Amino acid sequence: MLDIRELRRDGEQVAARLARRGLTFDLAAFRALDAERKQADMRSQELQSQRKQSSREVGDLVKSGLSVDDAKARVADALAKIDAEMAAEVARAEALHQQIEALLLGVPNPPLDEVPDGKGEEDNVEVRRWGQPRQFDFTVRDHVDIGASLASGQLNFDLAAKLSGARFSVLTGSLARLHRALIDFMVDLHSDKHGYEEVYVPYLVGPEALRGTGQLPKFEQDLFKMQGERELYLIPTAEVPVTNLAANEIIDPARLPLRYVCHTPCFRSEAGSHGRDTRGMIRQHQFEKVELVQLVRPEDSLAALESLTGHAEAVLQALGLPYRVVVLCTGDMGFSSCKTYDIEVWIPSQNCYREISSCSSFGDFQSRRMQARYRHPDSGKPELLHTLNGSGLAVGRTLVAILENYQNADGSVTVPEALRPYLGGRETL
RNA sequence: GGAGAGGUGGCAGAGUGGUUGAAUGCGCACGAUUCGAAAUCGUGUUUACGUUCAUAGCGUAACGAGGGUUCGAAUCCCUCCCUCUCCGCCA
């Protein structure tokens, strides 16, 4: 959420930064609303103050020996005058606060200055590459073909469709095991080598948590919502429950930075992407992800984004998968992010790099929504944290990348060395 | 699922209608004392919003959440959420 004080102080500057995302922020409308709010606030608070005073008077009079009825009679006129105006005025102020909040909740995070301008995917800027895409001396097959014909295990979309319809998958045998191995491998790497604390969280969350990270109120159509008397949603990413661990908390600065690694399934309705990636397990309604989340002091967030991205890259390096890192342009960034690096892994069958991780800094955008704060050592006052997260990595897409990059002419797939301990020493699938 | 008890400040724990944002204790911060420390003494110690140059002052709100009664609610009533104990069931 935008900082309303900054908006008041320097609205032009905020609007200009938002304009880089292709968004027109109606500053005049905001200012008019805020001016009205200010007026309503001051008036309603004044009336409340007067009313409080009258109540005290009754108390004082009763104490000094007057009967309750007589005491009430003394202030009746004053109260009548206040009440004639107060209820409506308080309601007006409340309504204006809600209007302003609703307005602000719908505005995305302004990008950092260093983020490149652009309209969409094509304007993202490559930052670095790692690894050489392998030259194949046979015809490359995609993961769907490989997964359908492997001797030791199967990737089966028909079985999944029977159960749940399109965009689900069933894995059997060595592929199911590889999938599980990837999760363990990633979580171990981040907790043992990169200093993240492993955490297990609910997969169903309430609307408050989703509002905190920015999925609500604007993107409800992307979520799966439960039937039933309680309002619960399946998490679209571990970011939601894990970041919200700090919601409404004032963290002891000695505990910072908080760094969590969390494996969860993720559920996305993929509304609005019906035609995209319909083949294979690139884009599913359900997938596993190992997520990295950091909560840091504001001055540390830029460095934290670099290191977090590096931690995600380390997974690909350990697996020997070629990738590149791009910084997303203003037009391609997520709603809550102020700077995002996408890591894209080489997919041989598509002859291009595809997103396998997205690492973002949110500045204080999420923490303001969820009131995730820490006590500043100098001022002693609670101040907003900065939040970050990144996939480390998307497990299904990692499995796709391994099948395709490590495929052999005979239809088998070589197991990357780093994973062999997790597959009972197995060298090929 | 059945029966009962609760949710108050960093923690413990008072407060069942009146100036109580909240006693007391602990913790914490600063100061005094001390060679230094402990002990002791003193002072201070929730948050949000508004106003403001101001993290000064002032105002408003908040005792799980929301609603109600009342001149006045932490205290009374209703709904919801959560925690604990016992019984049942269960991976």
Side-chain angles (χ1 to χ4, degrees), chain A residues 1-10 30-31 33-105 200 202-212 226 228-233 241 244-256 297-298 364 367-385:
Chain A
M1 190 157 65
L2 292 180
D3 181 357
I4 193 165
R5 293 172 194 228
E6 196 183 357
L7 206 48
R8 285 177 190 142
R9 203 183 322 120
D10 196 358
F30 166 76
R31 283 181 173 150
L33 204 57
D34 195 44
E36 201 185 334
R37 183 233 88 230
K38 179 171 171 173
Q39 202 239 334
D41 262 354
M42 295 204 297
R43 185 59 187 152
S44 62
Q45 286 185 10
E46 188 187 338
L47 290 163
Q48 284 178 88
S49 181
Q50 287 172 10
R51 198 163 206 297
K52 204 165 154 181
Q53 198 47 50
S54 293
S55 290
R56 281 186 181 153
E57 242 174 277
V58 175
D60 289 341
L61 290 169
V62 170
K63 250 184 198 163
S64 68
L66 220 60
S67 80
V68 174
D69 283 343
D70 287 349
K72 279 167 69 173
R74 291 265 191 104
V75 299
D77 284 355
L79 273 180
K81 207 176 281 175
I82 294 165
D83 285 346
E85 197 186 347
M86 196 177 93
E89 198 60 25
V90 169
R92 184 167 81 100
E94 171 65 14
L96 285 163
H97 275 280
Q98 277 180 17
Q99 261 185 68
I100 290 171
E101 169 147 38
L103 175 80
L104 293 183
L105 280 174
Y200 171 82
Y203 302 156
L204 291 169
V205 296
E208 278 309 314
L210 289 154
R211 196 163 301 139
M226 295 294 105
E229 67 273 30
R230 288 176 62 185
E231 193 179 355
L232 289 170
Y233 297 82
N244 275 286
L245 291 173
N248 299 309
E249 299 281 344
I250 300 172
I251 308 282
D252 177 351
R255 291 178 60 205
L256 297 176
R297 298 169 191 237
D364 60 15
S367 57
R368 182 171 295 105
R369 288 173 162 247
M370 67 177 73
Q371 289 298 302
R373 298 174 294 173
Y374 75 110
R375 196 166 293 284
H376 193 94
D378 296 336
S379 66
K381 295 288 174 193
E383 294 189 15
L384 295 171
L385 290 161

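Just so we're on the same page: letters track the sequence lines, and every chain starts at 1. Predicted model, so just to flag it, every value in this text is computed and none were measured.
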A:Lys38 side chain: which of B:C71, B:U60, B:U52 is closest? B:U52
Closest listed nucleotide, where the reference is the side chain of A:Val68 and the choices are B:U51, B:C71, B:C82: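 Output: B:C71.
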From [atom1] of [X] over to [atom2] of [N], roughly how many Å is that when rounded to an integer?
X: A:Glu94; N: B:G66; atom1: CD; atom2: C1'; value: 12 Å
X: A:Gln48; N: B:C58; atom1: CD; atom2: C1'; value: 16 Å
X: A:Arg8; N: B:G50; atom1: CZ; atom2: C1'; value: 8 Å
X: A:Ile250; N: B:U47; atom1: CD1; atom2: P; value: 6 Å
X: A:Glu46; N: B:G59; atom1: CD; atom2: P; value: 13 Å
X: A:Lys72; N: B:G18; atom1: NZ; atom2: P; value: 16 Å
X: A:Arg56; N: B:G59; atom1: CZ; atom2: C1'; value: 12 Å

So, for [X] and [Y], which heavy atoms are closest and what is the spacing to 0.1 Å?
X: A:Pro253; Y: A:Arg297; result: O-NH2, 3.5 Å
X: A:Ile250; Y: A:Tyr374; result: CG2-C, 4.1 Å
X: A:Ser54; Y: A:Ala78; result: OG-CB, 4.3 Å
X: A:Leu61; Y: A:Ala71; result: CB-CB, 3.8 Å

For atom [atom1], what is the distance between [N] and [M], given to the nearest Å?
N: B:G68; M: B:G10; atom1: P; result: 28 Å
N: B:A14; M: B:G9; atom1: P; result: 13 Å
N: B:G31; M: B:A22; atom1: C1'; result: 27 Å
N: B:C58; M: B:C63; atom1: P; result: 23 Å
N: B:G15; M: B:C53; atom1: P; result: 46 Å
N: B:A73; M: B:A5; atom1: C1'; result: 23 Å
N: B:C28; M: B:A37; atom1: P; result: 15 Å
N: B:U70; M: B:G1; atom1: C1'; result: 39 Å

Would you call A:Arg37 and A:Asp34 a salt bridge, using N to O less than 4.0 angstrom?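 Between A:Asp34 and A:Arg37 there is a salt bridge, with a charged N closer than 4.0 Å to a carboxylate O.
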Would A:Glu89 and A:Arg92 pass as an ion pair if we require N to O under 4.0 Å? yes
Judged by each residue's nearest nucleotide on RNA chain B, which is more toward the 5′ side, A:Ser44 or A:His97? A:His97
Between A:Arg230 and A:Arg5, just flag the one whose closest nucleotide in RNA chain B comes earlier from the 5' side. A:Arg5
Between [N] and [X], is there an OP1 or OP2 to side-chain N/O distance shorter than 4.0 Å?
X: A:Ser49; N: B:U60; answer: yes
X: A:Lys52; N: B:A61; answer: yes
X: A:Arg51; N: B:G59; answer: no
X: A:Arg375; N: B:U46; answer: no

With no hydrogens and no angle check, do the side chains of A:Gln53 and A:Glu57 hold a donor and an acceptor under 3.5 Å apart?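 On atom types as modelled, these side chains do not qualify, holding no pair under 3.5 Å.
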Determine which bases of RNA chain B form Watson-Crick or G-U wobble pairs with both distances under 3.5 Å, and write the result as a 5' to 3' dot-bracket string with | for other-strand partners. ((((((((.[[[..)..(.....]]]((((((.......))))))((((((.....)))))).[[[[[..)....]]]]])))))))....
